[in-house]
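The structure appears below as structure tokens.
Quick note on labels: first sequence line is chain A, next is B, and so on, each numbered from 1.
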Amino acid sequence: MERLLRRSTGVSTAAVATATEKVDEVRAGFEALYRDSRDDVYSYVAGLLRDRSAAEEVTSQAFERAWRKRKQINRRRGTPRAWLFGIARNAALDELRRRSRVTPDAEPAPAPDPLANPAEAAVDRAVLRQALDSLSGRERELVALKFFAGLSNAEIATVIRTSESNAGTRLHRVIEKLRRSIDEAD
Amino acid sequence: MRLTDEQIGAELRALRETPSEQFAAELDAWAAEGFPSIEEIQPAKHSHPTRSRSRILQRRPLLAGLVGAAAVVILVGVSVAAYLHERETGGMDSAISLDTGVNNELSAPAQDQARTQVAPASGAAGPVSSIPPAPPNGSRPRNGRPQVQELSASLGLSTDADQIQGAADGVVDVTNRYDGFVDSSDVHVAGDRSHAFFTLRIPAVHLRDALDDLSDLGRVTLRDEGSTNVTGAYVDAGKAFRDARAKVDSLLDQLRSASSPTEAAAIRQQLVTARQELAAARSALRGLKQQVTYAPVSVQIRADGDGSWSIGDAADDALGVLKAIAGATLITLAVLVPLAALLALGWFGGRELQRRRREAALNR
């Protein structure tokens with residue numbers, strides 16, 4: 001912008017000020033999006049890849065790509081979060097493809113249990129993880145988008161390119177499947 | 001106990017992984033710098049030539065603008081050049097193609113045939129040389145007989161009023177250069193009403209070259225070339241001549257063997273008539289050969305103004321340039337639109353393929 005200002009002799013001050021405000025607005029908007037979504041993007045990607053190191057790499061890539069494309073944010077096509085998660089999804093799927101070509105799936109790293117008192121849990125976490133592992137990639141993605149990233153059904157629909165009702169239906173089926181798996185384990 | 005959706009959701013949220021403090025701090029620092037690309041941070045590890053080239057174009061809209069401007073300049077330049085060429089030649093190309101299409105007797109083989117008539121014409125005085133010429137090698141006879149063509153042409157030129165005299169002199173020069181001659185001429189120099197009319201006879205063998213040189217003397221407004229097949233008349237004239245000659249020879253033989261003065265006088269009387277018929281036949285044949293050998297050419301030169309450039313001329317030129325630009329644009333679009341459609345199709349196809357491949361990763 002500074003370079004633009006130096007070159008733009010003869011351009012009205014108001015026009016330069018307007019352009020500056022617009023650039024600042026886009027940047028500020030992206031920074032807010034980053035602050036709100038950083039942990040959610042990581043959680044979604046980690047839930048999809050089940051690999052902390054790869055999740056960090058993909059999260060970085062996703063934000064870098066999003067920063068480059070920040071001017072493409074279009075609220076009429078969905079929320080900025082949905083747009084960001086669309087980019088993160090592409091990066092994560094690229095990583096999944098790459099890993100499937102290079103090596104077989106690595107053994108998922110055991111995740112730390114965030115609860116201080118496991119006894120308070122309504123369900124055995126090990127059973128829940130086992131049920132999660134039994135899900136297909138598409139089903140696990142829905143869980144990651146809904147419960148790890150905290151997206152609404154409308155945002156999920158935008159990310160996976162389907163209708164909101166279809167996204168809700170598919171999500172309900174996944175929860176039912178998890179419930180059955182847990183019940184069977186009990 | 002059956003778990004509710006809310007309970008399952010809460011348990012799933014409890015499994016949510018969060019980034020480590022170190023990674024979060026690094027990511028924040030990176031964000032504070034404006035997310036410099038990975039290639040910029042680690043060029044050796046992440047260098048990707050194709051990606052780098054595409055970024056050059058992405059980050060240099062000025063370059064793309066210059067390329068676009070250059071394309072526009074080339075388009076306009078080509079259009080103006082095409083218009084000026086069209087103006088200089090007076091639409092000659094199209095006129096010639098039309099004439100060629102309508103009157104294909106003016107094609108090269110026809111001219112070759114016309115050229116064959118030159119040699120016998122030069123020696124047409126004697127009875128031996130009056131025999132119709134044999135077809136030359138490479139000619140295209142019809143029904144086994146060589147064709148004889150009589151060529152003719154009309155040329156209309158326009159020039160500035162003050163250049164009429166010079167153009168008229170040029171007509172005479174061109175005629176002399178090709179061993180032709182001026183049948184008649186009328187040169188009138190009077191400002192905007194100046195004009196010059198010529199009737200020329202140009203050797204048929206040089207007709208096309210002479211017309212090209214005459215066309216250079218002004219702006220061509222009309223160029224018309226024609227031909228008439230005179231093979232029948234030529235054959236008839238030759239036969240008439242041979243018959244008349246044979247009759248004379250026969251009478252001379254009879255005269256030599258005449259047995260009485262009375263018989264000799266009668267034969268001589270017939271011989272006078274036969275020789276008159278022979279002379280007439282020879283004259284007719286010679287005239288026909290003259291027509292075939294020298295093509296009549298009429299040239300009209302008219303003044304089209306005093307040479308100054310008026311507002312009307314400017315408007316005409318502007319309109320002409322616009323037409324040329326429109327034509328060039330149309331041609332360009334005819335090439336670019338299908339190309340762009342193909343590229344768009346390929347782009348959308350590529351995106352769809354990439355999307356399907358990504359989705360397939362979830363099925364594994």
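- Annotation for A:K177 and A:S134: closest pair NZ-O, 4.3 Å, computed over non-hydrogen atoms.
- Among the residues in residues 156-167 of chain A, those with a non-hydrogen atom closer than 4.5 angstrom to a non-hydrogen atom of chain B are A:R161.
- Separating the CD1 atom in A:I87 from the CZ atom in A:R70 is a distance of 11.5 Å, to the nearest 0.5 Å.
- Electrostatic pairing of A:E31 and A:R27 counts as a salt bridge here, judged by a charged N lying under 4.0 Å from a carboxylate O.
- Considering every non-hydrogen atom in both A:A55 and A:V45, the closest pair reads CA-CG1, 3.7 Å.
- If you measure heavy-atom distances from A:I175 to chain B, the contacts under 4.5 Å come from both the backbone and the side chain.
- Using a 4.5 Å cut-off between heavy atoms, A:Y34 contacts chain B through its side chain alone, with no backbone atom that close.
- Checking side-chain atoms of B:S194 against main-chain N and O of B:A303 turns up no donor-acceptor pair under 3.5 Å.
- A:R138 touches chain B through backbone and side chain together, each having a heavy atom under 4.5 Å away.
- Heavy-atom proximity under 4.5 angstrom to chain A picks out B:R351, B:R355 from residues 328-355 of chain B.
- In this structure, the separation between CG on B:L222 and OG on B:S215 is 10.0 Å, given to the nearest 0.5 Å.
- Environment of CD in A:Q130: sparse, with no more than 12 heavy atoms of neighbouring residues, nucleotides or ligands closer than 6.0 Å.
- Closest heavy-atom contact between B:L217 and B:A167: CD1-O, 3.8 Å.
- Here A:K69 contributes atom NZ and A:E64 contributes atom CD; the two are 10.5 Å apart, rounded to the nearest 0.5 Å.
- Contact count versus chain B (heavy atoms, under 4.5 Å) is highest, among A:D94, A:L178, A:L132, A:T59, for A:D94.
- Interface residue B:E359: backbone and side-chain heavy atoms are both found under 4.5 Å from chain A.
- Of the possible donor and acceptor atoms, none in the side chain of B:R16 sits under 3.5 Å from a partner among the backbone N and O of B:R13.
- Here B:R223 contributes atom CZ and B:L157 contributes atom CG; the two are 10.0 Å apart, rounded to the nearest 0.5 Å.
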message = Is there a side chain to side chain contact (heavy atoms under 4.5 Å, CB included) between A:F147 and B:L15? Walk through the geometry before answering.
response = CA-CA 9 Å; A:F147 300 107; B:L15 293 180; over 6 Å; no

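- Contacts between B:A32 and chain A at a heavy-atom distance below 4.5 Å involve the backbone alone (N, CA, C, O).
- In this structure, no portion of A:Y44 lies under 4.5 Å from any heavy atom of chain B.
- A:E176 touches chain B through its side chain: at least one heavy atom from C-beta onward sits under 4.5 Å away, while N, CA, C and O do not.
- Contact of A:E56 with chain B is made through backbone and side chain together, with heavy-atom distances under 4.5 Å.
- How far OG of B:S158 is from CD1 of B:I164: 8.5 Å, rounded to the nearest 0.5 Å.
- Heavy atoms of A:R35 lying under 4.5 Å from chain B are absent altogether.
- A salt bridge does not link B:K323 to B:D316: none of the charged nitrogens lies less than 4.0 Å from a carboxylate oxygen.
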